[in-house]
Amino acid sequence: MINQDDLAHFTGSSTNFKHWSKKLLYTEGIQFVAEEAQAYWLIDAIASYQTNELLSKHPELKEFQLWQLEVNTDKTAVLTCGVDSDCHPDVVQNIEFTDFPLQQIKLYVCQTVLMLPSEY
């Protein structure tokens with residue numbers, strides 16, 4: 001079981017992993033989350049939005065994306081993406097069921113690299 005304290009140990013990353021879609025790289029911290037939380041689906045979901053349609057509609061997202069997963073007590077969740085937490089999200093995806101162990105996680109995509117905030 002992972003917790004927020006586990007994630008704080010990741011600072012910087014010397015290794016990037018390539019997502020199978022080739023649209024996204026991700027860091028050691030993200031690899032840890034995917035393995036420990038059985039959450040490769042989260043990387044897949046974020047990678048699925050790295051499309052010309054989204055990025056041409058919102059060019060600021062080419063440089064930086066803030067992704068947030070909020071898990072509800074009924075095991076549903078909402079995945080959102082925007083340029084910052086104060087703006088209306090550019091992506092909202094409802095997730096019908098998840099057993100993701102954290103109530104919330106924030107992730108960044110910076111120039112096609114998915115990372116934990118502590119790795120930024």
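Just so it is clear, the model here is predicted, and its values are computed rather than measured. Residue numbers start at 1 and run along the sequence shown. Just so you know, these numbers use all the heavy atoms, side chains as well, and skip hydrogens, waters and symmetry mates.
- Annotation: Q4, atom CD; neighbour count of heavy atoms from other residues, nucleotides and ligands within 6.0 Å is above 12.
- Closest of all the heavy-atom pairs between T112 and K23 is CB-O, 4.1 Å.
- For the pair Y120 and C110, the tightest heavy-atom approach, listed with the atom from each and the gap, is CE1-SG, 3.8 Å.
- Put simply, the side chain of L61 does not reach to within 4.5 Å of the side chain of V91, judged on heavy atoms.
- In this structure the side chain of F32 never reaches within 4.5 angstrom of the side chain of H9, judged on heavy atoms.
- Using a 4.5 Å heavy-atom threshold, the side chains of W20 and D44 count as touching.
- Side-chain contact between L69 and I95 is present, with at least one heavy-atom pair separated by less than 4.5 Å.
- Looking only at atom types and distance, the side chain of Y49 has a donor-acceptor partner in the side chain of Q93 under 3.5 Å away.
- You'll find the side chain of L79 stays beyond 4.5 Å of the side chain of V92, heavy atoms only.
- No hydrogens or angles considered: a donor-acceptor pair under 3.5 Å links the side chains of Y40 and Q31.
- With hydrogens and angles ignored, the 3.5 Å screen pairs no side-chain donor or acceptor of H58 with any backbone N or O of E60.
- Within a 6.0 Å sphere centred on CD of E35, other residues, nucleotides and ligands contribute more than 12 heavy atoms.
- When L55, V83, D84, L54 are each tested for a side chain to side chain contact (heavy atoms under 4.5 Å, CB included) with Q65, only one passes: L55.
- At least one donor-acceptor pair closer than 3.5 Å links the side chain of Q50 to the backbone N or O of I46.
- The heavy-atom pair separating A77 from T98 by the smallest distance is CB-CG2, 3.8 Å.
- One finds the CE atom of M115 at 12.5 Å from the OG1 atom of T11 (value rounded to the nearest 0.5 Å).
- Y108 places a side-chain heavy atom less than 4.5 Å from the side chain of F64.
- When all heavy atoms of V78 and T80 are compared, the closest pair comes out as CG1-CG2, 3.7 Å.
- Looking only at side-chain heavy atoms (C-beta outward), W41 and I43 stay at 4.5 Å or farther from each other.
- Just one residue in the list I30, N16, T27 forms a side chain to side chain contact (heavy atoms under 4.5 Å, CB included) with L114, and that residue is I30.
- Of the N and O atoms on the side chains of E70 and Q103, not one donor lies less than 3.5 Å from an acceptor on the other residue.
- Contact annotation: the side chain of I105 approaches that of L7 to within less than 4.5 Å [non-hydrogen atoms, C-beta and beyond].
- Residues N52 and S56 have side chains that never bring a donor and an acceptor to within less than 3.5 angstrom of each other.
- W67 and I2 fall within a single hydrophobic cluster, where Ile, Leu, Val, Met, Phe, Trp and Tyr are joined by side-chain heavy atoms under 4.5 Å apart, directly or via other members.
- No chain of hydrophobic side-chain contacts below 4.5 Å, direct or via other Ile, Leu, Val, Met, Phe, Trp or Tyr residues, connects F17 to V113.
- The closest donor-acceptor contact from the side chain of S118 to the backbone of F10 lies under 3.5 Å.
- Distance alone, capped at 3.5 Å, is enough to place a donor-acceptor pair between the N3 side chain and the D6 backbone.
- In this structure, E36 contributes its side chain and V33 its backbone to no donor-acceptor pair below 3.5 Å.
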